[in-house]
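Letters go in sequence order (proteins before strands), and every chain restarts at 1.
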There are 2 protein chains.
Amino acid sequence: MARTQGSRAEITGPLVRDAARRLFARHGYAAVSMRQIAAEVGVQVGTLYSYTADKQALLADLLRVHMEELLAAWRDDPARPALDRLEAFLRFHIQTSLERPEAVFLSYMELRNLTPENRAEIAALRRRYEDALEAILIAGEAEGTMAVPDTRLATMALIAMLTGVTNWYREGGRLDQERVVAVYRELVRGAVGA
Amino acid sequence: MARTQGSRAEITGPLVRDAARRLFARHGYAAVSMRQIAAEVGVQVGTLYSYTADKQALLADLLRVHMEELLAAWRDDPARPALDRLEAFLRFHIQTSLERPEAVFLSYMELRNLTPENRAEIAALRRRYEDALEAILIAGEAEGTMAVPDTRLATMALIAMLTGVTNWYREGGRLDQERVVAVYRELVRGAVGA
DNA sequence: GTCTATACCTCGATAGAC
DNA sequence: GTCTATCGAGGTATAGAC
């Protein structure tokens, strides 16, 4: 498995990140060793340290990049009806969760294995994502098209519900993605009193 | 901190379990060492092995006992209206989650750190718990008092939503337990189309 | 039942050859 | 850029004294 010499820097970097993401998601950050990651990539342990300062930075980078991509990809239009925005958010969240289940899973499971500094940074990004949903609920209340007892709590509840998809969804399983979106749309619309 | 000799078997056993539960919940199973657990209890490492075969058994026992207590404590009455049963379930789940947040948190976070045999056992117990909720949704459909697009998916979604409480609830925080139950009741009733 | 001491292993990380 | 080799720390688990 272990190659002998030969430089492939352009591809090794992404491979390290991919392997780490996959293994961290499957077994948990603390349970995965740098040796396992190296083996998955097909490289020796020492080589990993050309691509990351240490194991902690590897995790923090995965989470940071994922959250930044998430925030950059989310497009909201405050001028539209809140219910439409809610459906768009739901579709966006589920689609992301099914396209990149490992990154999504990691981002809410491994916060506690970050150093305090890294945790604060990632938590702030996540907070911005939660705020994007809460803004929609607040707008819906103002419009009179939604009725939620507590927008903050409802936000947390809805995100927990949507993120749960990563726990049970299996590619090629009973339900395809459009069907999942349809079911969640009904649940979410009901929950916000539409 | 370390005592010198002296037998206190009756109390040490529970203390080991309590310390393990607390530390596993806080840092994750893989990130916690037997040394840390021993230090928390105030004994030496070797002593732990009078109370558990190994670290894995410690985790498996915590999850098994928790799930069995949960299943034993849940009282349902199929003769009652489904919406009442749903509210009872929701109250039961939230109450348990707030009374024993660490055990609840562990039971859905640490399945992957169980050996395949232990995982199968705990997953079966959890499945029974999920089935208890799904039975209520099915009854509600039959009664015509609920309308959910997919009872199995709705079950998973509702449990994910309710269990999310452990992620953000803080003792003495903004909301007391009754208020949390009230908010979730509205969300859940809406979600099931009541 | 608990302690002390330790065996044996794997970990994260680094140095230096190629 | 990657490999080999290795260091020191810390991991789980056990043996035997008290």
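Under the salt bridge (charged side-chain N to carboxylate O under 4.0 Å, His left out) criterion, B/Asp76 pairs with B/Arg85, sequence neighbours left out.
Pairs of residues two or more places apart, or lying in two chains, never qualify as ring-ring contact (aromatic ring centres under 6.0 Å, His included) while including a residue from residues 139-170 of chain A. Sorted pairs that involve residues 39-71 of chain A and meet ring-ring contact (aromatic ring centres under 6.0 Å, His included), not counting sequence neighbours, are lacking altogether. Among pairs with a residue in residues 80-113 of chain A, those fulfilling ring-ring contact (aromatic ring centres under 6.0 Å, His included) read A/Trp74-A/Phe89, A/Trp74-A/Phe92, A/Phe89-A/Tyr129, A/His93-A/Tyr129, at least two apart in sequence or across chains.
DNA chain C lies under 4.0 Å from no heavy atom of any residue of residues 27-35 of chain B.
Defining each end axis of the helix from C/dG1-D/dC18 to C/dC18-D/dG1 as the rotation carrying four pairs' C1' atoms onto the next four, with five pairs an end, the two axes are found to diverge by 0° to 10 degrees.
No salt bridge links A/Asp18 with A/Arg22; every basic N to acidic carboxylate O contact stays at or beyond 4.0 Å.
Between A/Tyr51 and D/dG1, a side-chain N or O to OP1/OP2 separation shorter than 4.0 Å is absent. The phosphate of D/dA13 (OP1 or OP2) has a side-chain N or O of B/Tyr49 nearer than 4.0 angstrom. Using a 4.0 Å cut-off, no side-chain N or O of A/Gln44 falls inside it from OP1 or OP2 of D/dT2.
Residue-to-nucleotide proximity on DNA chain C shows that, of A/Ala53 and A/Gln36, the 5′-proximal contact is made by A/Gln36.
Taking both residues in full, the closest heavy atoms of B/Thr151 and B/Leu137 are given as O-CD1, 3.8 Å, listed atom of the first, atom of the second, then distance.
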